[in-house]
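Residues take their numbers from the sequence shown, with the count starting at 1.
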Amino acid sequence: MLRGAASVLRRAASSGGGGQGWGQRRDSGSVRPQPLEPSLLPFLVCPLSKRPLRYDEATNELVNEELGIAYPIIDGIPNTVPEAARMTRKKPPAPEGSEQP
């Protein structure tokens with residue numbers, strides 16, 4: 001059910017949604033991403049590792065350095081659904097104790 005709701009919200013955001021605030025354009029004609037509210041950061045953790053996330057202002061994402069993934073922030077709302085994350089590095093780190101020849 002949640003996946004269906006998320007896809008509906010994503011489609012609404014990308015198409016303008018018909019409501020106030022969804023995909024509003026500025027005078028320059030481009031949509032400016034709304035940043036994360038800084039007071040939320042201490043409460044946000046990665047749902048996979050349960051570790052704190054780092055806010056990357058340049059990409060407007062929450063980054064988990066340990067796992068090499070970044071969660072998007074859409075209209076100021078962090079999307080910490082694992083399926084929404086993107087990989088930030090090519091390969092995940094090798095498990096400890098397993099060395100390659």
query = Asn60 and Tyr55: side-chain hydrogen bond (donor to acceptor under 3.5 Å, both in side chains), yes or no, with the steps?
reply = CA-CA 7 Å; Asn60 200 34; Tyr55 176 58; 2.8 Å; yes
inquiry  = Applying side-chain contact (heavy atoms from CB on, under 4.5 Å), can you list everything that pairs with Ala70, at least two apart in sequence or on another chain?
reply    = Glu61, Val63, Arg86, Thr88
ask   = Are any non-hydrogen side-chain atoms of Thr80 and Val45 less than 4.5 angstrom apart?
value = no
query = Can Leu62 and Leu41 be said to form a side chain to side chain contact (heavy atoms under 4.5 Å, CB included), step by step?
reply = CA-CA 9 Å; Leu62 293 171; Leu41 196 54; 3.8 Å; yes
inquiry  = Less than 4.5 Å apart, side chain to side chain, heavy atoms only: is that true for Asn64 and Ser49?
reply    = yes
key: With Glu65 via salt bridge (charged side-chain N to carboxylate O under 4.0 Å, His left out) - residues at least two apart   = Arg54
ask   = What pair of heavy atoms forms the shortest contact from Pro47 to Tyr71, and how long is it?
value = CD-OH, 3.4 Å
key: Nearest atoms (heavy-atom pairs only) where Ile73 meets Gln34   = CG2-O, 4.0 Å
ask   = Can you name the nearest heavy-atom pair linking Met87 to Ile69, along with the distance?
value = SD-CG2, 3.6 Å
Single-linkage hydrophobic cluster, 4.5 Å side-chain cutoff, Leu44 and Leu48 together = yes
task = Output yes when a side-chain donor or acceptor of Asn79 lies under 3.5 Å from a complementary backbone atom of Val81, and no otherwise.
result = yes
query = Can you name the closest pair of heavy atoms from Pro78 and Gly76 and give their distance?
reply = CD-O, 3.7 Å
